[in-house]
Novice: 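The structure under discussion is supplied below as structure tokens; questions concerning it will follow.
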Amino acid sequence: MTAAITILALLLVAFIALGVYATVKAVGAAKRGVDRTITQARRTVEDTTLRAKSFGQTGVAGELAQLRLALRTSMRATQDALHAGVAEDSSLAESVGLFRRLSAHGLELDEELKRLEREPDRATVAGLLPQLRERTERITHSADSLRWAARDRARQFAEDDLDALNAQIDIEAGALRHWTVEEQRPAQAQGAASQAPGAGAPRGRDAGVDWPEPAAGSGNSSTADDSWGGPAREEAPQAITAPDPHLRTKYPWQKSARPETTN
């Protein structure tokens, strides 16, 4: 009985601990979701404000807003591209590490530009603009290089995979149309036989065959007809006449015919 109570107590404690853990995880996920939503909303508001300042204001304030907008846009696009690519290509992990180091410089420059927006001494800020513009261009150029390199790599992998897929599909399509291969084999064999040496050569003197000459004066003789493969000449019909007995050849063992007598 004591053992059963102990087991039930342990199960109850385990269920309570599991419930607390699940609650903490759910609260943490919800908090992260809320923080992400707040961060995105704040970012959207800041980008909209910077875009409005870059188009609506002139001078030092408009220049600073343009620099911040270009920096933030390039860094965010590169971050999204690398994070999306590293999930499929683990070799981009080193690129993500380099981007993190670049992001530190980008965040530092963004904070400096944001602080200079509230600087009342516009002349000093105007003197710093060339240097700030150069730093922004260097950072954005590096970010763009990483982003386009990752995209080109992904596109090349996609093209290679598509080429391999096309080759496999061609092989499969040929295997499915097996009857066409069987039909082509006799045609190829016939074509090879027709192209063999001596096949299809003209018959006659050009082919090196000496045909018999027809007899003199008989241009239309049967020999010429037979030589060229023409139809055999039909012989002229002969009259049906009885043979003359006096013209027969006589042999020694034959008796002479007796003369007929009349009484």
Novice: I need the minimum non-hydrogen distance between R122 and L116, along with the two atoms involved.
Specialist: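 It is NH1-O, 3.8 Å.
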Novice: Consider only side-chain heavy atoms of I, L, V, M, F, W and Y, link residues closer than 4.5 Å, and tell whether L109 and F99 are in one cluster.
Specialist: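 Linked, L109 and F99 end up in one cluster.
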Novice: Can you find a pair of side-chain heavy atoms, one from L92 and one from D89, that are under 4.5 Å apart?
Specialist: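 The answer is yes, as the side chains (C-beta and beyond) meet within the 4.5 Å cut-off.
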Novice: To the nearest 0.5 Å, tell me how far L98 CG sits from S103 OG.
Specialist: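 Interatomic distance, L98 CG to S103 OG, rounded to 0.5 Å: 10.5 Å.
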Novice: Suppose clustering is done on Ile, Leu, Val, Met, Phe, Trp and Tyr with side-chain heavy atoms closer than 4.5 Å. Which residues sit in the same group as I171?
Specialist: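 Its cluster partners, ordered by chain and number, are none at all.
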Novice: Taking side-chain hydrogen bond (donor to acceptor under 3.5 Å, both in side chains) as the test, write out the residues that go with E108, two or more places apart.
Specialist: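 So E108 forms no side-chain hydrogen bond (donor to acceptor under 3.5 Å, both in side chains) with any residue.
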Novice: State yes or no: do L102 and V86 share one hydrophobic cluster built from I, L, V, M, F, W and Y residues joined by side-chain heavy-atom distances below 4.5 Å, directly or via other members?
Specialist: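 Shared cluster, yes.
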Novice: N166 side chain to L162 main-chain N or O, any donor-acceptor pair under 3.5 Å?
Specialist: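 Checked: pair present.
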Novice: In the structure I gave you, are the side-chain heavy atoms of R135 and L67 within less than 4.5 Å of one another anywhere?
Specialist: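 Counting from C-beta outward, R135 and L67 never come under 4.5 Å.
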Novice: If you link I, L, V, M, F, W and Y whenever their side-chain heavy atoms are under 4.5 Å apart, who else ends up in the same group as L12?
Specialist: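 Reading the cluster by chain and number, L12 sits alongside I16, V20, V24.
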Novice: Do T136 and R68 have side-chain atoms, one donor and one acceptor, less than 3.5 Å apart?
Specialist: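 No pair is found: no donor N or O on one side chain lies under 3.5 Å from an acceptor on the other.
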Novice: Applying side-chain hydrogen bond (donor to acceptor under 3.5 Å, both in side chains), name anything that partners E111, two or more places apart in sequence or on another chain.
Specialist: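 Expected list: none.
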Novice: Between the side chains of S74 and D144, does any donor sit under 3.5 Å from an acceptor?
Specialist: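 Judged by distance alone, the side chains do pair up.
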Novice: Can you establish whether the number of heavy atoms outside H83 located under 6.0 Å from its atom NE2 is more than 12?
Specialist: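 For H83, atom NE2 is crowded (more than 12 foreign heavy atoms under 6.0 Å).
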Novice: Looking at A143 and M75, what are the two nearest heavy atoms and their distance?
Specialist: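 Taking every non-hydrogen atom into account, CB-SD, 3.9 Å.
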Novice: D170: which residues meet the side-chain hydrogen bond (donor to acceptor under 3.5 Å, both in side chains) condition with it, sequence neighbours left out?
Specialist: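 Expected list: none.
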Novice: Would you indicate whether the side-chain heavy atoms of L129 and L64 approach each other to under 4.5 Å?
Specialist: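 Side-chain contact under 4.5 Å: yes.
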Novice: So which of L82, T78, D80, D152 actually passes side-chain contact (heavy atoms from CB on, under 4.5 Å) with R147?
Specialist: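 Result for side-chain contact (heavy atoms from CB on, under 4.5 Å) with R147: T78.
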Novice: Identify, with sequence neighbours excluded, every residue that meets side-chain hydrogen bond (donor to acceptor under 3.5 Å, both in side chains) alongside R100.
Specialist: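 For R100 there are no side-chain hydrogen bond (donor to acceptor under 3.5 Å, both in side chains) partners, ignoring immediate neighbours.
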Novice: Which of these, V125, L113, L71, sits in a side-chain contact (heavy atoms from CB on, under 4.5 Å) with L132?
Specialist: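 Option passing the side-chain contact (heavy atoms from CB on, under 4.5 Å) with L132: L113.
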Novice: Please say whether more than 12 non-hydrogen atoms of neighbouring residues, nucleotides or ligands are located less than 6.0 Å from CD in Q131.
Specialist: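 Result for CD/Q131: open.
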Novice: Hey, what do you get for OG1 (T140) to CZ (R72), rounding to the nearest 0.5 Å?
Specialist: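 That separation rounds to 14.5 Å.
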Novice: Hey, does H105 have a side-chain heavy atom less than 4.5 Å from the side chain of R138?
Specialist: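 Answer no - side chains too far apart.
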Novice: Does one side chain, of D160 or Q156, offer a donor that lies under 3.5 Å from an acceptor on the other?
Specialist: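 Short answer, yes.
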